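When a residue number appears, it is its place in the shown sequence, counting from 1. Counting convention: from 1, in listed order, for ligands and their atoms alike. All of these numbers come straight from a predicted model, not from anything done at the bench.
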Amino acid sequence: MIRSNYFDKSVSRETLGKILKYHEFLIESNKKLSLISKSTEKEAIERHYVDCAQIIKYLDKTDKSILDIGSGAGLPGIILDIIKKDHNLNFSTHLVEKSPKKSNFLKKANSFLDLDIKIHNCDVKQMEIKNFTTLVSRAFKPMKEFFNIINQSQIKFKKIILMKGEKFMDEFIEAKKYFEINCEYHESITNPGSKVFVIKGVSKN
Ligand SMILES: C[S@@+](CC[C@H](N)C(=O)[O-])C[C@H]1O[C@@H](n2cnc3c(N)ncnc32)[C@H](O)[C@@H]1O
């Protein structure tokens, strides 16, 4: 059974049930696919689901369409979509994942969980839809590479939320050599070394 102070305080029983259903489906699928590292399965609730859910506080009603880039197992996109109702949000959720096997998992999870997420199995640079209010991404690419990819993809956005690990400062300094970045960053509640970057604008120097 899922036990999490964070979810106990922030979501309904029904939502918690859906997170548990996602968890069971993910762990079963992880036997054949590398969706999350096997060593993190036992601590998946805190390490993955709470970690992803925490970024919902940087979203509001102006975030109408969200694209999760390099979604893998659906992190953070699926978790955000499951919990949005409990936060009075109603965005549409899109996931882009270039691996056909992982995309297949995402499609099955979407229907198993009765969600209405749009899944795009392609390289993000090949996305046909080019307009989103919000981009989110976790453990995808270093910041400089991420901004280069977004530039090449010609995707338009109003906000980016990037979940960054312990090398966040090195990545930020490197990216700032090439890009003007209008952002703030916040402590992660699950890992003191990690940060959540909320980016309102990026342009090439
Ligand atoms: C390290 S995983 C992170 C997955 C997930 N976001 C998480 O936090 O667990 C990065 C994912 O990005 C996908 N990916 C890499 N390059 C991509 C691209 N250009 N377009 C779309 N997906 C890509 C990979 O297939 C992989 O599933």
Undergrad: Does at least one non-hydrogen atom of Cys122 fall below 4.0 angstrom from an atom of ligand 1?
TA: yes
Undergrad: Please state which option from Glu97, Lys98, Lys141 has its nearest heavy atom closest to atom 13 (C) of ligand 1.
TA: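 Ranked by closest heavy atom to atom 13 (C) of ligand 1, first place is Glu97.
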Undergrad: Does Ala73 reach ligand 1, in the sense of a heavy atom lying below 4.0 Å from it?
TA: no
Undergrad: Is it the case that atom NZ in Lys130 sees more than 12 heavy atoms from other parts of the structure closer than 6.0 Å?
TA: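 Counting other residues, nucleotides and ligands, NZ of Lys130 exceeds 12 neighbours.
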Undergrad: In the protein, which heavy atom is nearest to atom 4 (C) of ligand 1, and how far is it?
TA: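 For this ligand atom, the closest protein heavy atom is Gly70 O, 3.4 Å.
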Undergrad: Has the side chain of Thr93 got a donor or acceptor atom that lies under 3.5 Å from a matching backbone atom of Gly77?
TA: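 Flag not set: sc Thr93 to bb Gly77 has no pair under 3.5 Å.
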Undergrad: Above 12 or not: heavy atoms from other molecules or residues under 6.0 Å from NZ of Lys38?
TA: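 Yes, enclosed.
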Undergrad: Checking side chain to side chain donor-acceptor pair (under 3.5 Å) against Lys84, which of Asp81, Asn88, Asp86 comes through?
TA: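 Output: one option passes, namely Asp81.
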Undergrad: Out of Ser153, Gly72, Ala139, indicate the one that has the non-hydrogen atom closest to atom 3 (C) of ligand 1.
TA: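 When every heavy atom of Ser153, Gly72, Ala139 is considered, Ala139 comes closest to atom 3 (C) of ligand 1.
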Undergrad: Please write down residue, atom name and distance for the protein heavy atom closest to atom 9 (O) of ligand 1.
TA: Arg138 NH1, 3.5 Å
Undergrad: For Lys102 and ligand 1, does the shortest N/O to N/O distance drop below 3.5 Å?
TA: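 For ligand 1, there is an N or O atom that lies under 3.5 Å from one belonging to Lys102.
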Undergrad: Could you tell me how the ring of Tyr185 sits relative to the ring of Phe197: parallel (under 30°), tilted (30 to 60°) or perpendicular (over 60°)?
TA: tilted
Undergrad: Looking at every non-hydrogen atom in both residues, tell me the closest pair between Leu106 and Ile119 and how far apart they are.
TA: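 What the structure gives for the nearest pair is O-CD1, 3.4 Å.
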Undergrad: Considering only the protein, which heavy-atom contact is closest to atom 14 (N) of ligand 1, and what is its distance?
TA: Phe140 CE1, 3.6 Å
Undergrad: Is it the case that ligand 1 has an N or O less than 3.5 angstrom from some N or O of Leu35?
TA: no
Undergrad: Please write down residue, atom name and distance for the protein heavy atom closest to atom 20 (N) of ligand 1.
TA: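 The closest one turns out to be Val124 N, 3.0 Å.
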Undergrad: Do other residues, nucleotides or ligands put more than 12 heavy atoms under 6.0 Å from Asp114 CG?
TA: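 Open: at most 12 neighbouring heavy atoms sit under 6.0 Å from CG of Asp114.
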Undergrad: Regarding atom 19 (N) of ligand 1: of the candidates Asp123, Val136, Ile69, which has the closest heavy atom?
TA: Asp123
Undergrad: Is the Tyr22 to Tyr49 ring centre distance short of 6.0 Å?
TA: yes
Undergrad: Hey, is ligand 1 close enough to Pro76 that some N/O pair sits below 3.5 Å?
TA: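 For ligand 1, there is no N or O atom that lies under 3.5 Å from one belonging to Pro76.
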